[in-house]
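Everything on this sheet refers to the single structure shown next.
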Amino acid sequence: MKKVFKAEKISDNVWWVGASDWNVRNFHGYLTSRGSTYNAYLIIDKKVTLIDTVKAPFADEMLARISSVIAPEKIDYIISNHAEPDHSSALPAAVAAIRPEKIFTSVAGAKTLTAYYGDLGYTPVKTGDTVDLGKGKCAFVDTKMLHWPDSMVTWYDRDKVLFSQDAFGMHLAGSYLWADMYDWSVLEQEVRKYFANILNLYSEKVIALLDSLPGLGLDIGIIAPDHGPLWRKDHEKIIGLYRDCAEQNPRPKALVAYATMWNATKCCAEAFADGVRSKGVEVELADLNVCDRSDIMTKASLSGIIALGAPTMNNQVFPLMADVLNYLKGLRIKNKLGFAFGSCGWSGEGAKQIAAAFEEMKIEQPCPMKQVKYMPTEADLQEFFNTGAALAEQLLAKIK
Ligand code: FEO
């Protein structure tokens with residue numbers, strides 16, 4: 001059955017022809033609670049151009065949206081801003097339907113796309129290169145590592161649209177194309193989660209890109225990312241939010257995340273959290289049995305204190321915590337005060353491995369790790385309370 005989908009016009013000569021993945025919940029290990037979109041765009045100029053594609057299962061949807069504007073075989077160029085398969089795995093289907101004259105991508109993009117799909121005939125471009133579309137032109141800027149080595153953005157001068165691929169995006173499927181039609185609290189929540197889980201380790205590159213934006217002299221009308229809604233106004237809000245995420249400044253909040261077997265570590269976590277709260281600092285307790293790693297990372301990114309606790313099992317830190325440590329290490333959180341704790345019966349590797357992970361992440365640990373045997377005593381719990389209060393005071397002094 002042929003699918004019926006319509007394109008949506010975003011400016012005089014540009015159409016959104018992407019796809020909504022309403023029910024995706026696992027995006028390479030990231031819990032996408034509100035689904036996502038794979039945005040692709042069609043420029044109707046003398047040279048008709050498709051910017052990015054979608055995830056392979058949505059190729060028909062994209063081609064149907066294109067067909068609502070123009071026959072796919074009338075497209076002259078494809079520009080691939082980012083080779084990750086959520087934006088490129090429909091490329092072979094698109095190429096088969098379109099038979100484009102040229103496929104523009106970055107130098108690294110040509111290599112990556114070749115590795116995934118074979119040589120479909122790529123024309124590499126770099127920062128400063130332009131492609132004349134007849135009435136307008138597309139200019140390219142390399143944004144290496146935002147998000148992959150191949151990433152670049154494309155500027156279409158005629159309609160003042162910045163096609164920013166992953167940058168300025170978020171995982172959010174919804175009824176509206178424009179960010180200004182959503183509640184800001186939803187956008188902020190999803191941007192912070194997206195940044196923490198996708199871009200946090202490249203924070204310095206994000207800051208460099210944001211610093212370079214004014215120098216590019218772009219009179220931006222629309223920011224059109226590859227995920228989530230588009231920005232036709234309030235550009236300073238999304239740019240400012242990205243900068244705030246990238247700066248990773250400590251906030252007056254504590255995350256206490258724990259795994260527990262027989263409630264000993266949980267009791268320690270609760271006493272520590274109570275100590276934090278006694279100093280007027282906001283605290284959030286998260287049990288790894290019910291809290292996804294990507295939510296832990298988001299909460300960690302918003303907290304000045306990260307207390308992580310786990311039991312020892314089979315002479316190792318409890319597996320749920322090992323997973324979270326591995327994830328946090330990769331995403332390179334910084335500017336935090338750390339506290340490692342746990343419970344054990346005999347060998348006691350759990351809290352030690354958490355403390356070692358903090359050290360590896362260069363996270364300051366003003367209070368020594370604490371581990372109890374089997375169950376905490378009343379004196380142990382008082383000590384956890386005191387440690388929470390002491391760390392809260394240190395955090396407040398740090399951010400004053
Ligand atoms: Fe949305 Fe890095 O791909």
Side-chain angles (χ1 to χ4, degrees), residues 16-41 50-59 61-62 78-94 103-117 140-154 162-174 177 179 187 190-206 209 223-231 238 241-242 245-246 294 297-298 327 330-332:
W16 176 84
V17 291
S20 293
D21 195 351
W22 289 90
N23 294 299
V24 62
R25 291 293 178 271
N26 184 341
F27 196 98
H28 55 49
Y30 167 156
L31 175 65
T32 43
S33 308
R34 290 188 168 103
S36 192
T37 66
Y38 314 113
N39 298 335
Y41 302 96
L50 177 66
I51 309 271
D52 285 321
T53 68
V54 296
K55 209 168 168 182
F58 297 88
E61 179 173 340
M62 177 188 71
I78 297 176
I79 293 172
S80 173
N81 278 328
H82 184 20
E84 192 167 4
D86 49 330
H87 311 295
S88 71
S89 52
L91 185 63
I103 304 170
F104 298 100
T105 186
S106 67
V107 175
K111 290 179 188 157
T112 313
L113 292 171
T114 302
Y116 277 122
Y117 316 112
F140 307 107
V141 179
D142 280 314
T143 54
K144 187 176 177 184
M145 299 319 298
L146 301 176
H147 164 227
W148 274 15
D150 59 273
S151 292
M152 66 176 196
V153 300
T154 296
L162 180 68
F163 300 103
S164 61
Q165 47 99 30
D166 278 350
F168 306 123
M170 71 190 83
H171 286 310
L172 170 62
L177 207 52
L187 300 176
E190 293 306 333
V191 167
R192 288 195 184 283
K193 184 169 187 181
Y194 180 88
F195 193 97
N197 285 278
I198 303 278
L199 295 170
N200 200 74
L201 73 165
Y202 305 121
S203 289
E204 283 169 18
K205 288 184 183 298
V206 170
L209 174 68
I223 299 174
D226 273 0
H227 294 294
L230 289 63
W231 299 80
I238 181 66
L241 182 53
Y242 258 64
C245 292
S294 56
M297 178 58 203
T298 311
Y327 195 64
L331 287 165
R332 293 191 205 153

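As the structure lists them, so they are numbered: ligands from 1, and atoms in each ligand from 1. In this text the structure is predicted, and so the values were computed from the model without any measurement.
- Residue Asp86: an N/O/S atom is found under 2.8 Å from atom 1 (Fe) of ligand 1.
- At least one side-chain heavy atom of Asn81 sits less than 4.5 Å from a side-chain heavy atom of Phe163.
- Nearest to atom 1 (Fe) of ligand 1, among the N, O or S atoms that Asp166 has, is OD1.
- More than 12 non-hydrogen atoms from other residues, nucleotides or ligands lie less than 6.0 angstrom from CZ of Arg25.
- Per residue Glu84, closest N, O or S atom to atom 2 (Fe) of ligand 1: atom name OE1.
- Side chain of His227 to backbone of Thr37: a donor-acceptor contact under 3.5 angstrom is found.
- To the nearest 0.5 Å, the span separating CD1 on Ile198 from OH on Tyr30 amounts to 6.0 Å.
- Ser88 pairs with exactly one of Tyr117, Tyr38, Tyr116 by the side-chain hydrogen bond (donor to acceptor under 3.5 Å, both in side chains) rule, that one being Tyr117.
- Taking atom 1 (Fe) of ligand 1 as the apex, the angle formed with NE2 of His87 and NE2 of His227 is 90°, to the nearest 10 degrees.
- Checked against atom 2 (Fe) of ligand 1, the N, O or S atom of His147 at the shortest distance is ND1.
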